Amino acid sequence: MTSEQTESLVAKGVAYFKQGYNCSQSVTLAFADYYDVPEDLMARISASFGGGIGRMRETCGTASGMFMLAGLQIATPYADKEVKARNYAAVQQLAAAFKAQTGSLICRELLTGYVKDIKVSTDPTPEERTDEYYRKRPCVKMVELAIRTYCKWLSGEIR
C-alpha cells in the first residue's frame with residue numbers, strides 16, 4: 001500500500017463521515033472497492049458498530065471497522081481453526097497498534113480524553129452533525145488513524 005493509496009483511502013473515509021455515515025461505516029466504506037464489496041452492503045454490515053457499538057460507547061467504531069476489514073482480508077466462509085487463529089491474531093495486532101496511538105479502544109474514554117467537558121450520551125438518537133459536533137469529537141481523527149493503521153498492517157508494517 002503506497003502512501004498515496006493510503007491518503008486516498010483516508011480522504012474517502014473522512015468524506016463518508018462528513019456525509020453522515022458513522023465512524024465504523026466510514027472506515028469500512030473506504031475499503032469497499034478494495035475488497036470488491038458493494039457499498040450498500042458494506043454500509044449495512046458496519047452500521048451497528050458506530051458510536052462504540054450501537055452508541056453504547058464501548059469499543060470504538062473505527063477499531064471495529066478495522067477488525068471487520070481484517071476478516072475480509074483473512075477469514076474464509078469455512079469453519080477453519082487455523083484461519084480463525086490468524087484472524088484473531090490480526091485483530092489483536094490492530095487493536096494493540098490502535099491503542100498504542102490513542103490510549104484506549106473504548107469510545108467513551110476516547111471522547112472524554114479528548115474533550116473533558118463533553119457529555120457522553122448513550123441515547124440511541126445520533127446527534128446532529130454541526131461544526132460544534134466536529135470540533136468536540138475526535139471521531140474524524142479516529143477515522144484517519146484507523147485507516148492509516150489498517151494500511152500499515154496491510155503493508156506488513158504492523159505485526
Side-chain angles (χ1 to χ4, degrees), residues 1-107 110-111 124-129 133-134 137-159:
M1 180 87 35
T2 68
S3 61
E4 292 82 18
Q5 289 170 315
T6 297
E7 293 311 308
S8 175
L9 291 165
V10 167
K12 284 174 81 173
V14 168
Y16 282 120
F17 191 77
K18 289 187 174 181
Q19 290 172 36
Y21 289 95
N22 73 37
C23 50
S24 187
Q25 289 173 312
S26 299
V27 171
T28 59
L29 280 166
F31 288 86
D33 289 339
Y34 183 85
Y35 286 110
D36 197 27
V37 175
E39 285 187 1
D40 65 328
L41 178 60
M42 190 72 92
R44 290 191 337 262
I45 288 170
S46 55
S48 299
F49 295 89
I53 306 174
R55 209 160 184 267
M56 293 186 294
R57 307 305 188 191
E58 297 296 335
T59 303
C60 174
T62 66
S64 294
M66 287 191 307
F67 306 154
M68 284 184 264
L69 293 172
L72 288 171
Q73 183 71 24
I74 296 170
T76 67
Y78 312 105
D80 183 312
K81 185 177 177 181
E82 290 177 23
V83 172
K84 190 184 296 187
R86 283 198 316 271
N87 186 52
Y88 290 169
V91 168
Q92 290 179 14
Q93 292 161 357
L94 288 163
F98 186 88
K99 191 173 180 181
Q101 296 173 82
T102 63
S104 181
L105 287 170
I106 307 302
C107 175
L110 295 169
L111 289 173
T125 306
E127 293 176 54
E128 290 297 318
R129 299 282 181 92
Y133 175 94
Y134 291 113
R137 281 165 184 73
C139 305
V140 168
K141 289 182 192 317
M142 296 298 115
V143 168
E144 293 173 3
L145 186 139
I147 292 170
R148 285 192 178 99
T149 299
Y150 189 73
C151 288
K152 285 180 182 177
W153 179 81
L154 279 176
S155 297
E157 296 176 46
I158 296 172
R159 291 288 178 244

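Here the structure is a predicted model, which is why all the values come from computation and not from measurement.
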Note to self: Distance check, rounded to the nearest 0.5 Å: T102 atom OG1 versus L145 atom CG?
What the structure shows: 7.0 Å
Margin query: Would you say that more than 12 heavy atoms from the other residues, nucleotides or ligands in this model lie under 6.0 Å from the CG of D36, or not?
Written below: no
Notebook entry, point to check: So, for A30 and L9, which heavy atoms are closest and what is the spacing to 0.1 Å?
Noted result: O-CD2, 2.9 Å
Notebook entry, point to check: Got a salt bridge between D80 and K84, using NZ or NE/NH1/NH2 to carboxylate O under 4.0 Å?
Noted result: no
Next item on the list: For S24 and G50, work out which heavy atoms get closest and say how close.
Entry: CB-N, 4.0 Å
Margin query: Could you work out, with side-chain hydrogen bond (donor to acceptor under 3.5 Å, both in side chains) as the rule, every residue matching E144, not counting sequence neighbours?
Written below: none
Check: Between atom CE of M142 and atom CG of L111, what is the distance when rounded to the nearest 0.5 Å?
Finding: 9.0 Å
Notebook entry, point to check: Is there side-chain contact between I106 and R57, with heavy atoms separated by less than 4.5 Å?
Noted result: no
Check: Under a 4.5 Å cut-off applied to non-hydrogen side-chain atoms, are Q25 and F49 in contact?
Finding: no
Margin query: Distance check, rounded to the nearest 0.5 Å: Q73 atom CD versus F31 atom CZ?
Written below: 9.5 Å
Next item on the list: Measure the CZ-CE distance between R148 and M66 for me, rounded to the nearest 0.5 Å.
Entry: 13.5 Å
Item checked: Inter-residue atom distance R44.CZ - S46.OG, 0.5 Å rounding -> 10.5 Å
Next item on the list: Evaluate the criterion side-chain hydrogen bond (donor to acceptor under 3.5 Å, both in side chains) for residue pair Q5 and T2; output intermediate values, then yes/no.
Entry: CA-CA 5 Å; Q5 289 170 315; T2 68; 3.3 Å; yes
Check: Can you find a pair of side-chain heavy atoms, one from Y16 and one from E39, that are under 4.5 Å apart?
Finding: yes
Notebook entry, point to check: If you take all heavy atoms of F17 and N22, which pair is closest and at what distance?
Noted result: CD1-C, 3.9 Å
Checklist line | Flag side-chain contact, heavy atom, 4.5 Å: K12 against I147 | finding: no
Checklist line | Separation of K18 NZ from S26 OG (nearest 0.5 Å) | finding: 11.0 Å
Under 3.5 Å donor-acceptor pairs involving side-chain atoms of residues 150-159, not counting sequence neighbours:
unit_1, atom_1, unit_2, atom_2, d
Y150, OH, Y35, OH, 2.5
Y150, OH, L69, O, 3.0
W153, NE1, Q93, OE1, 3.0
S155, OG, M1, N, 3.3
S155, OG, C151, O, 3.0
R159, NH1, W153, O, 3.2
R159, NH2, W153, O, 3.2

Margin query: If you define the side chain from C-beta out and look only at heavy atoms, does anything of F98 sit under 4.5 Å from C60?
Written below: yes
Next item on the list: Heavy atoms only: give me the nearest C23-G51 pair and the separation to one decimal.
Entry: SG-N, 3.6 Å
Next item on the list: Evaluate side chain to side chain contact (heavy atoms under 4.5 Å, CB included) for K141 paired with T62, printing each intermediate quantity in order.
Entry: CA-CA 10 Å; K141 289 182 192 317; T62 66; over 6 Å; no
Notebook entry, point to check: What heavy-atom pair brings T59 and S64 nearest, and what distance separates the two atoms?
Noted result: CG2-OG, 3.8 Å
Margin query: If I compare all heavy atoms of V91 with all of A70, which pair ends up nearest, and what's the gap?
Written below: CG2-CB, 4.5 Å
Notebook entry, point to check: So, R55 and E127, do they make that salt bridge, N to O below 4.0 Å?
Noted result: yes
